[in-house]
Each structure stands twice: as structure tokens, then as C-alpha cells.
Participant: 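One structure, pasted below without further comment.
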Amino acid sequence: DDSGVIFTKLWNDYLIQSVTTQFFVDKAKTFHFTGWTYAHNYGSHDKLRYGIMQIGLFEENPYKAYYKHMGEELKWDLVMHQQYLVNVNGLLTLAAPNPANC
């Protein structure tokens, strides 16, 4: 990227990193981290616009952990986001690829 915007504006950096890893790194040499809760969001701090929140696989009560992270730490609207919760490979996941979805 000669313009530098991929690095300075984070334009699709996660997509480029993911695709590059999938093309050039043997899957047996990668590791999918699942042991902790993770949230990543672009756009605003009041709700999930573009991003993801996954509750760690080792959380004893995933829904309780979801409420704790969403309500106490992020201060996001629980009711608005709850309809987008899904189970992805055993991980309670909230994802928004489209800002109109949240």
C-alpha cells in the first residue's frame, strides 16, 4: 500500500491479515485463541458497528460473562445487541459486519 492508508486508517487490515495467513501459512501451524473474551469495534463506543465480541471458551457461564462485558465494561445496550448473539464453534459470539444490523 503506497498510500499508507491500510496502516494509518486501518482499511481492511484484518481482512488482508486473515487472507494472507490463510494463503501462506499452513493451517497446522496456526492457533485459534479461544480462552479469553475479546471485543473489537470500529466506529463508535456506544454500540457494535463493525466488529466482534466473543466470550472465552473457558467462561463458566457465557451469558453471565456476556452481560458483564456488555453492560458493566462496555456500557452497550444489552437488549439491542442480544438478538445478534450466535454460537460459533462453541463460542458465544456477537458480530456485526453491517452497521444496519445493530
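Index from 1, following the sequence. A quick note: this is a predicted structure, and the numbers were derived from the prediction, not measured.
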Participant: Which heavy-atom pair separates Thr21 from Gln17 by the least distance, and what is that distance?
Facilitator: OG1-O, 2.8 Å
Participant: Please verify the inter-ring angle class for Trp36 with Phe33; under 30° counts as parallel, over 60° as perpendicular, anything in between as tilted.
Facilitator: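 Aromatic pair Trp36/Phe33 classed tilted.
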Participant: Is there a path of hydrophobic side-chain contacts, each under 4.5 Å between heavy atoms, that joins Tyr67 and Leu85?
Facilitator: yes
Participant: Does Gln22 have any side chain to side chain donor-acceptor pair (under 3.5 Å) partners at least two apart in sequence or in another chain, and if so, which?
Facilitator: Ser18
Participant: Other than Val25, what residues sit in its cluster of Ile, Leu, Val, Met, Phe, Trp and Tyr side chains whose heavy atoms are under 4.5 Å apart, directly or through others?
Facilitator: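 Noted: Val25 shares its cluster with no other residue.
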Participant: Among Met70, Gln54, His69, which one satisfies side chain to side chain contact (heavy atoms under 4.5 Å, CB included) with Leu94?
Facilitator: Met70
Participant: Output all residues satisfying side chain to side chain donor-acceptor pair (under 3.5 Å) with Thr34, sequence neighbours left out; order by chain, then residue number.
Facilitator: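 Result, side chain to side chain donor-acceptor pair (under 3.5 Å) vs Thr34: none returned.
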Participant: Could you give the side-chain donor-acceptor pairs of residues 56-66 under 3.5 Å, partners two or more places apart or in another chain?
Facilitator:
| from | atom 1 | to | atom 2 | distance (Å) |
| --- | --- | --- | --- | --- |
| Glu59 | OE2 | Thr37 | OG1 | 3.4 |
| Asn61 | OD1 | Tyr63 | N | 3.3 |
| Asn61 | OD1 | Lys64 | N | 3.1 |

Participant: Could you pull out all residues at least two apart from Phe23 that satisfy side-chain contact (heavy atoms from CB on, under 4.5 Å)?
Facilitator: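 With neighbours one apart ignored, the set is Val19.
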Participant: Taking only residues two or more places apart in sequence, or in another chain, which ones meet Asn87 in a side-chain contact (heavy atoms from CB on, under 4.5 Å)?
Facilitator: none
Participant: Looking at residues at least two apart in the chain, or sitting in another chain, which of them share a salt bridge (charged side-chain N to carboxylate O under 4.0 Å, His left out) with Lys68?
Facilitator: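 Partners of Lys68 under the salt bridge (charged side-chain N to carboxylate O under 4.0 Å, His left out) test: Glu73.
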Participant: Same cluster or not: Phe31 versus Tyr38, using hydrophobic residues (I, L, V, M, F, W, Y) connected whenever any side-chain heavy atoms lie under 4.5 Å apart?
Facilitator: yes
